[in-house]
Structures are given as C-alpha cells and as structure tokens.
Asker: 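One structure, pasted below without further comment.
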Amino acid sequence: ASGEGRMVVHETGRATEFGKVAAHLAARHLPTSFERGIASFGRMVLATTSVLVVVPTYNERANLPVLLEGLLRHDGVRVLVVDDQSPDGTGQIADDWKAGHPGRVDVMHRTGRRGLGRAYVDGMLHAIKEPVDLICQMDADLSHDPGHLPSLVAAASGADVVIGSRYIPGGAIVNWPLRRRLLSRVANLYIRMVTRLRPRDCTSGYRCWRRTALARLPLGHFISDGY
C-alpha cells in the first residue's frame, strides 16, 4: 500500500476466452520479448510466493478439471473451489481433485443462498484466514486463462490489487454478442463515473489481491447476491 487507507491498483490485460490472448502488464503495448520476461519473472515469484485461487462453481463439471490442471502447473498455487450445490456433480469432481492433490485443492460446499457474488465473498472470508501471500479470483468457465496467472502475480509485487483487464492493449473479448459487449462497457462507464475509480475494467472477475489488503476490507458487511 502506498499509504494508510489506500490501495494500489494495477490493470493487466487478459483474454475473456481460455488461452486466446497473452497478458500485458501496463495500459500500453509491450514488446513480445518483454511480455515473456514478465511471465518468466512471474514464474520465479510463484516459486517463492504462496497463492490461493478462489474459484466459485455451479454446473462446471466439464470445465473444472481443465482449469484445475492449468492452475496446478504453477508451483506455489493452491485452489479453493466454492461450489453452490451444483446439480451436475461439480462438487464431487472437486472433492475427487482434493483427494488426489492433498494440500493443493480444497473445497467449500455452500448450503446457503446461491449466487456468484455471495460465493466469492464466502470464499474470500475463508481465504484471508489462510497463511498465504496472495489471493486470486477466477471464474470456472475457462474465460480466464490460468496461463496468465504468473503475470498477475508478478504485477502484485508492486500493487495491492491486480485486475485482468479486457479494456487495455493486450486485453480482448472473444465470442461475445454485441449486446453483452455494450452491457459491459456501459456498466464500467457507470461504475467509473459514480465511484471515480480509474481502472478501465471494474467488472473483471480475474483479479489478484495481497491477502493483507483484502483482509482490511469489511467483507462480512458486503451485500452481493446473484450474478
């Protein structure tokens, strides 16, 4: 943090479809060689940094194994799957991965009110009690590429929050209809106008937090239901 009560926020580009676009670490175009260097630095940071990734799930039985396989390729990364009683058996698949990867995969079976927002809050309340350096959040539908995680972790060395952004050079939106693109743009414009936040992608679900920064937020008082 740069001062009492302040958080340093950094945006880094990412794709909204699994594996489509390489990550960037600034709101400008970066040379490919620099991108590779940052990703390499991120992998080195991962080797000495403990990371817990919170992944809410609901009917993601086909996608979850792909995501977990990609995340567990990174040393120092643990995963907390927060399942909302998925009718398709996603929770059982998560339990099987937990049994097969003790100490690296954990599962929270939520029994209260369903919803992505509530699942993230409950997962983060659990995560901030863990002895980790960074807490990341990802959706389970493969819209967030686990291959970009080292770049987010590298950026977190100089920020409290790193946002995987669709709206800076290097970010992209793939296979979204025009209506959804417009909704996302308008939502971000509205949020930035009301809150005066500077990040371009305030609705991104691909983020990395310093655990100490996240723990300072009043998560227990957040109201976040539904999507």
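All residue numbers refer to positions in the sequence shown, counting from 1. Keep in mind that this is a model prediction, so the values were computed, not measured.
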Asker: Using 0.5 Å steps for rounding, measure from the CG atom of Asp122 to the CZ atom of Arg110.
Answerer: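 Taking CG in Asp122 and CZ in Arg110, the distance rounds to 4.5 Å.
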Asker: Check for me, please, whether Leu183 and Leu116 land in the same ILVMFWY cluster - side-chain distances under 4.5 Å, paths through other members count.
Answerer: no
Asker: CG of Asn59 to CG of Asp141: how many Å apart, nearest 0.5 Å?
Answerer: 12.5 Å
Asker: Starting from Leu217, can I reach Leu125 by hopping between I/L/V/M/F/W/Y residues whose side chains sit under 4.5 Å apart?
Answerer: yes
Asker: Kindly give the heavy-atom pair with the smallest separation between Thr90 and Asp88, and that separation in Å.
Answerer: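 Closest approach of Thr90 to Asp88: OG1-OD1, 2.7 Å.
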Asker: Of all heavy-atom pairs between Glu69 and Trp97, which one has the smallest distance, and what is that distance?
Answerer: N-CH2, 3.9 Å
Asker: Within this structure, what is the CG-NE2 distance for the pair Leu219 and His221, rounded to the nearest 0.5 Å?
Answerer: 9.5 Å
Asker: When you check the side-chain N and O atoms of Arg211 and Ser50, is any donor under 3.5 Å from an acceptor?
Answerer: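 No - no donor-acceptor pair under 3.5 Å links their side chains.
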Asker: In this structure, would Leu189 and Leu197 fall into the same cluster of hydrophobic residues linked by side-chain contacts under 4.5 Å?
Answerer: no
Asker: Using modelled atom types and a 3.5 Å cut-off, is there a donor and acceptor pairing between side-chain atoms of Ser204 and backbone atoms of Gly164?
Answerer: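 Yes: the side chain of Ser204 pairs with the backbone of Gly164.
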Asker: Could you verify whether a donor N or O on one side chain and an acceptor N or O on the other, from Ser184 and Tyr167, lie under 3.5 Å apart?
Answerer: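 Note: Ser184 and Tyr167 side chains meet the donor-acceptor criterion.
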Asker: Within the structure provided, determine whether Arg200 and Asn188 are in side-chain contact (heavy-atom separation under 4.5 Å).
Answerer: no
Asker: Would you say the side chain of Glu130 lies within less than 4.5 Å of the side chain of Asp106, judging by non-hydrogen atoms?
Answerer: no
Asker: Ignoring hydrogens, what is the shortest heavy-atom contact between Asp83 and Thr57? Give both atom names and the distance.
Answerer: OD1-OG1, 2.7 Å
Asker: Please check: side-chain N/O of Asp84 versus main-chain N/O of Gly115, any donor-acceptor pairing under 3.5 Å?
Answerer: yes
Asker: If you measure from OG on Ser165 to CD1 on Ile163, what distance do you get to the nearest 0.5 Å?
Answerer: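 Answer for the OG-CD1 pair, Ser165 versus Ile163, is 7.5 Å.
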Asker: So do the side chains of Pro146 and Leu67 get within less than 4.5 Å of each other, counting heavy atoms only?
Answerer: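 Yes, side chains in contact.
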Asker: Near Tyr190 OH, under 6.0 Å, is it more than 12 heavy atoms from other residues, nucleotides or ligands?
Answerer: no
Asker: How many angstroms lie between CG in Asp96 and NZ in Lys98, if you round to the nearest 0.5 Å?
Answerer: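 Going from CG on Asp96 over to NZ on Lys98, the span is 12.0 Å.
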Asker: Considering only heavy atoms from C-beta outward, does the side chain of Asp139 approach that of Tyr120 to under 4.5 Å?
Answerer: yes
Asker: In this structure, would Tyr58 and Ile93 fall into the same cluster of hydrophobic residues linked by side-chain contacts under 4.5 Å?
Answerer: no
Asker: Quick check: closest heavy atoms across Tyr206 and Asp145, and the distance to 0.1 Å?
Answerer: OH-O, 2.8 Å
Asker: What closest approach, in Å, do Asn63 and Ala140 show between heavy atoms, and which atom pair accounts for it?
Answerer: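 In this case the closest contact between Asn63 and Ala140 is CB-O, 3.2 Å.
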Asker: Please round to the nearest 0.5 Å and tell me the distance separating atom CG of Leu152 and atom CD of Gln137.
Answerer: 10.0 Å
Asker: Compare every heavy atom of Arg104 with every heavy atom of Leu71, then report the nearest pair and how far apart it is.
Answerer: O-NH2, 4.4 Å
Asker: Is there a side-chain contact between Arg192 and Cys202, using heavy atoms and a 4.5 Å cut-off?
Answerer: yes
Asker: Can you find a pair of side-chain heavy atoms, one from Leu134 and one from Arg210, that are under 4.5 Å apart?
Answerer: yes
Asker: Should Thr203 and Arg166 count as side-chain neighbours, where that means a heavy-atom distance under 4.5 Å?
Answerer: yes
Asker: Under the side-chain contact (heavy atoms from CB on, under 4.5 Å) rule, what do Val153 and His74 come out as? Steps first, then yes or no, please.
Answerer: CA-CA 11 Å; Val153 169; His74 303 304; over 6 Å; no
Asker: With a 4.5 Å heavy-atom cut-off, do Met108 and Leu80 have their side chains touching?
Answerer: yes
